[in-house]
Amino acid sequence: MHLFQRGLGTLTLCRFMSQKLVFNYPISLTSQESFQRSLKSNKTLSRLRTLYLENKLQFVDDEPSLRNVVLTPEINSQRTLPRTKFPKERIFHEVQMDSSVATWKKPFVKWFRLGKSLLIYYRDGIKHIIVAYKNSQPFELGSTYREIEAGERKITRVQFIESMRSRREIKKIPNFILLSIIFEELTVLICYYWPKIALWNCLNPGGFKKITESMAIKSILPNNSAESKYVSPYSLPKKLLSSTLQQSTVMRMGKWKLKLFDLLTIQNKAVERLVAICQYTFIDDCLLLQNILQKTEMESILLGYDELVNFIFERRLYYGGEDLNAMVNTVSGREVLIWRLFLYLSFRFDNTIYTYGSESFSEKWGLNNVTILNNPGSTFPDVNRKQRLIKETDLHIFH
Amino acid sequence: MNRVIIRRIATKSTSTLRPFHEIFPRKRLINRILFELDSNDTYKTLYPNFETLYLKHELPSTVSGPQLLLMDRVLLEVSKQQKMINEVLMKMRGELLELAAGKGENDAISTVCYNILSSPKDDSKGDAEDASRLIGELVKAGNVLTFKHLGDLSRLKGDINEAKLWYDKFMECVDQDETRVSDVSIIGQVLERLGEIEFNQSRVLGAEKYWLDAIARSKLEDSVKSYFYLSKVYLNSEPLKSRVLLENCATQGFRESFKELGYLELNYFKNLVKANEWFRLGMELFEIECFFGFFDSCYQLKEYKSCSKCLKSLETFKNINESYKKYGFRIRIS
């Protein structure tokens with residue numbers, strides 16, 4: 001009768017929601033000593049760190065020509081994600097080294113090949129979304145959440161994310177094709193200035209940066225406070241609910257829709273969208289973590305840079321001014337992102353049944369607890385960006 | 001088959017009995033039940049039989065077996081719709097079943113045998129042997145209700161695997177021909193139990209399917225437990241669905257549903273007024289947890305007078321029922 005007990009457990013947690021929950025303390029980064037203490041108490045964090053140090057969990061370049069290994073197919077879906085590097089330098093270099101092209105022609109060929117590669121990139125992007133849509137089955141978030149929590153649904157992460165991403169992007173295709181027909185080569189420029197028009201996997205690093213900048217956390221959110229407690233999605237103030245939904249990176253809700261719901265006093269629709277976001281995040285996190293922990297027992301797991309960037313972006317674990325694509329392509333920047341990924345997952349899933357613990361996710365956090373949505377899982381003396389970066393690198397977690 | 005054990009209930013002299021019309025439900029209710037059962041008999045034809053049975057504990061031999069079973073069904077439906085057990089009507093049901101068994105009605109024989117085997121007494125060893133033999137004969141004859149009873153008996157013994165086998169056999173027969181079962185609510189019961197078995201073996205998805213099937217194939221009042229189980233399964237993933245299911249349970253007066261609904265409204269949906277109302281209803285059924293919930297909701301609604309009254313009631317309970325003492329710490333916290 002474990003699930004009945006789980007159900008009752010959830011209610012019990014909700015009942016005492018005003019109290020602090022056990023095991024829910026964020027990982028302390030205020031000093032080396034406090035961090036070492038957190039590392040000892042949070043077994044998931046130390047496990048992930050060990051896997052990374054032992055090279056069982058590797059992060060590799062998303063550009064196929066720059067790596068000689070194959071990304072783990074169960075967790076990576078490159079075809080539904082944008083690339084992290086703009087190919088300009090690579091193409092220019094290739095033309096420069098190409099002896100078959102006459103020197104006087106090279107400047108023109110460089111730009112021609114770049115333009116051609118962009119058009120191919122867009123064409124492939126549309127094709128990939130259609131293929132992913134056709135090859136994937138739709139997932140109902142509520143039932144998938146239930147089945148994964150009960151441990152009865154055996155799906156891979158790639159099946160889930162491809163289905164969700166392709167179903168989100170497929171709606172953009174008619175507009176995007178129409179735009180390409182009308183504006184032809186100017187589409188590239190339009191996509192640069194209005195990147196949200198483009199399909200997600202047709203974005204270039206410049207457009208991606210614009211989107212990340214517009215959605216970055218600019219101020220301290222109340223749910224990012226150090227002490228976690230239970231907050232039901234139905235108890236969120238209207239303003240906070242609207243802003244959270246408008247800025248969501250996963251299932252955004254438009255301003256006009258929110259206003260309409262408000263006008264018709266059907267607030268439930270908006271709240272249910274927030275619940276869906278919570279459930280989507282849980283399923284994705286859980287599948288990724290389970291894959292990492294279970295698969296690494298047999299072989300190494302290889303995660304692409306694009307997946308890492310997308311993960312950080314969807315959970316909004318970055319600050320204004322940070323260029324995620326640039327960061328992932330430098331050693332120190334990449335370590336910061338990996339560090340954030342580990343902190344986030346360890347905070348959410350430590351001592352749960354998915355990390356060989358004893359509680360289910362709902363038991364640990366309560367029913368759709370919104371305090372943990374976009375919660376970085378760490379405490380800082382100040383949420384100042386510079387201090388955060390200094391603190392993360394100063395801790396030398398990977399050395 | 002006629003050698004069924006007939007056990008007469010203790011009889012009272014007719015002079016001390018209450019008039020039957022005071023005990024028996026009104027004509028309107030009986031006619032409605034007969035209409036739902038799609039029967040050709042009416043209140044007018046059945047009432048004299050019921051009255052004779054009540055007064056003399058026997059019926060004229062002209063009353064046929066199917067008619068006896070119909071009378072039993074009527075009494076069963078009466079207790080279901082009134083949501084209470086009338087001892088006199090229950091005794092009459094027992095008598096009706098025994099009479100029907102005496103007339104060779106297989107369903108009645110199966111039920112009487114099940115009653116004997118499910119609550120064995122020291123002085124009824126011979127009865128139990130006879131009942132076992134009869135059950136064996138009924139299985140050979142392919143009586144569907146006997147499969148269900150055998151499943152129930154195995155479940156009582158704790159043999160879950162055997163119970164599942166009998167229940168599966170029952171469902172197999174019913175799926176082929178639903179008319180083989182006179183009471184459709186039995187199908188719901190079997191599906192509910194199959195769900196429980198699946199759930200105990202940690203197969204939530206399988207259990208969910210059975211319970212969904214149970215609520216689809218039987219009426220709400222016959223499958224309240226399935227509604228409640230499903231609400232528990234959906235609680236963490238689909239609280240809206242869970243709330244609807246619990247509300248359905250509450251309409252049938254299912255005691256456990258009130259506290260669940262109250263806490264769901266109080267802590268998740270943040271509807272304090274509704275939560276307060278659910279807890280109030282639960283308190284009327286003396287559900288102890290509802291008192292705590294009621295206290296919390298009143299406190300949040302700033303109805304301090306009600307809080308104080310609730311606390312006083314709880315302190316009174318502490319002295320009445322020993323088991324409530326364990327909640328003492330909570331009262332002090334409040």
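Heavy atoms only: backbone and side chains are in, while hydrogens, waters and symmetry mates are out. Chain identifiers are assigned alphabetically (A, B, ...) following the order of the sequence lines, protein sequences preceding nucleic acid strands; residue numbering begins at 1 within each chain.
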Practice prompt. Test B:N271 against A:Y234 for side chain to side chain donor-acceptor pair (under 3.5 Å), laying out the working first.
Written response: CA-CA 9 Å; B:N271 194 334; A:Y234 283 84; over 6 Å; no
Discussion item. Looking at every non-hydrogen atom in both residues, tell me the closest pair between B:E238 and A:S143 and how far apart they are.
Written reply: OE1-N, 4.0 Å
Response to the item:
Note: A:Q279 and B:S237 closest approach over all heavy atoms is NE2-O, 2.6 Å
Worksheet entry | Spacing of OH belonging to B:Y268 relative to OG belonging to A:S235, to within rounding of 0.5 Å | 10.0 Å
Practice prompt. First locate atom CD of A:E152, then atom OG of B:S202, and finally report the distance between them rounded to the nearest 0.5 Å.
Written response: 8.0 Å
Practice prompt. Heavy-atom distances under 4.5 Å only: say whether A:Q267 touches chain B with side chain, backbone, both or neither.
Written response: neither
Discussion item. At a 4.5 Å cut-off on heavy atoms, which part of A:V275 comes close to chain B: side chain, backbone, both, or neither?
Written reply: side chain
Fill in: Beyond-backbone contact of B:N267 with A:L367, side-chain heavy atoms, under 4.5 angstrom
no
Item to complete: Compare all side-chain heavy atoms of B:P239 with those of A:N368 and state whether any distance is below 4.5 angstrom.
Response: yes
Worksheet item: Sequence neighbours excluded, which residues qualify as salt bridge (Lys or Arg N to Asp or Glu O under 4.0 Å) partners of A:D285?
Response: A:R315, A:R348
Discussion item. For the NZ atom on B:K164, are there more than 12 heavy atoms of other groups (residues, nucleotides or ligands in this structure) within a distance under 6.0 Å?
Written reply: yes
Worksheet item: Just wondering, more than 12 heavy atoms not from B:I85 lying within 6.0 Å of its CD1?
Response: no
Item to complete: Tell me, please, which residues at least two apart from A:K43 pass side-chain contact (heavy atoms from CB on, under 4.5 Å).
Response: A:D350
Discussion item. Taking side chain as everything from C-beta outward and backbone as N, CA, C, O, which of these in B:E208 sits under 4.5 Å from a heavy atom of chain A? Side chain, backbone, both or neither.
Written reply: side chain
